[in-house]
Amino acid sequence: MVKLPEGLLRDLKDVRGYDEDAFITAHTFSSLTSVRLNPGKPAVLFPEAENVPWNNLGRYLAQRPVFTLDPAYHAGAYYVQEASSMFLGHLLEGVFKGKTRLRVLDLCAAPGGKSTLLASMLDKDSLLISNEVIRTRASILEENMTRWGHSNTWVTSNDPRDFSKLAGYFDVIVVDAPCSGSGLFRKDERAVDEWSEANVALCRGRQERILEDVWPSLKEGGVLVYATCSYSPQEDEGVLDWVASNYEVSSIRTSLDPEWGIVESEAEKGLVGYRFFPDKVKGEGFFIAAIRKNDEAGTPDMNRFKTAHNSKIFQQAEYLLHGSNWTVIPVGKDEYSAINPLHEQDLQILQKAVYLRRTGLNLGMPAQKEWLPAHEVALGIDAAKDLPHLEVSREDALRFLKREDMGQMQKGWLIIKYNGLGLGWIKSLGNRANNYLPKQWRIRMELG
Ligand code: SAM
């Protein structure tokens, strides 16, 4: 049985909704497994599973499958996400409703749970910047966002401070802050040993710094979402009080069904947050609040710019795209990406301030006699629907994902599909086929 830190239990004594006995008992049970379906990649998945009440795409799984052995997971048809976190969608529903061309920043985004959820909520003319400061984690984020398949989700890897150059640029900023992690004790028992009061204080200081750094880039009237997976009031309501003391803000509240068991908690200076206790909610520990910025902000520099659209390349690569309303721009060495023309100005603004790792849908590169399509095209929901493909069995899909030889098949570039879901490219030469799945993506596990 998990022995919960005394210091944490002490800190929680006066927190609204806290019931010590029930809280301790809930920690004798293991954590739940849940997934969220990708509406951009419809497939029949988990038909028997129970719905997450606050997110119509969320499902609780009765057992935890080996996700690595499910090709639909690799195709980005769903994301494994803790159920409480999915409440972000409910909280932002009213904020996003009827809006288009929003600029949204997910500042602490890896591995991508909140970003994939945001991507599914935003319309195609809005732009999501998923940022992760730690490089190794940024590559996992990039992989997950590529799987999810939206070309209007770009990935950056910057320190929060770098965003302060983008005065008044974002409509919504999500800060899912690094924290002391007590909300995940049931998922990771080691986190219990690592917990300390000193670490809570350290995290609190870091949370304030992150918010201070990113605050200038939120526009006046814009919305900050602040979340942690910590129960400690110092990192939750305490941070809301810090925000209210330093800035002109007001709370954004949402409706709650009492059956969900989510607790609305008011910080001393009046800002409202939502608490998730595992004895009340079908999910792990979580805290989230939405705050409107009422103080003045600068305005982004919307200068005229010369388009970087390469029409010659567009003609060569257009067959890979769904529709024709695209701007094709160079990215990296010899490669090209397709972006929504409405986002070219954003590109001009963003690239002066931050390092863009992924911009739009990477199309690949021209070679001597043909176009070399990028892996992203096989996973992109904005790719052409009628590209040559080969539907394979689960066994063959797993062999492809292990980068094994696929045997003989028709000649040419083919997308390997499992249940209609793209997994990656092969180039078949008739007697053998080259597997173009990026090496770092391959399944390393023995298939048995
Ligand atoms: N939002 C993610 C999701 O839903 O999958 C989880 C984010 S996790 C709670 C916090 C993230 O903040 C981690 O990826 C971590 O690497 C990052 N981080 C750590 N220190 C940071 C800092 N000083 N500034 C910004 N982000 C930081």
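Counting starts at 1 for both ligands and their atoms, following the listed order.
- Classified by interplanar angle (parallel below 30°, tilted 30° to 60°, perpendicular above 60°), the ring pair Tyr18/Phe277 is tilted.
- Near ligand 1, residues Cys108, Ala109, Ala110, Pro111, Gly112, Gly113, Lys114, Glu132, Val133, Ile134, Arg137, Pro160, Asp176, Ala177, Pro178, Arg206, Ile210 come within 4.0 angstrom through at least one heavy atom.
- For Glu48, the CD atom is loosely surrounded, since the number of other residues' heavy atoms within 6.0 Å does not exceed 12.
- Under the side chain to side chain donor-acceptor pair (under 3.5 Å) criterion, Glu197 pairs with Arg10, not counting sequence neighbours.
- Listed by chain and residue number, Arg204, Trp242 satisfy the side chain to side chain donor-acceptor pair (under 3.5 Å) test with Glu208 (two or more places apart in sequence, or in another chain).
- In this view, Asn152 satisfies the side chain to side chain donor-acceptor pair (under 3.5 Å) rule with no residue, not counting sequence neighbours.
- For Phe287 and Tyr274, the distance between ring centers is not under 6.0 angstrom.
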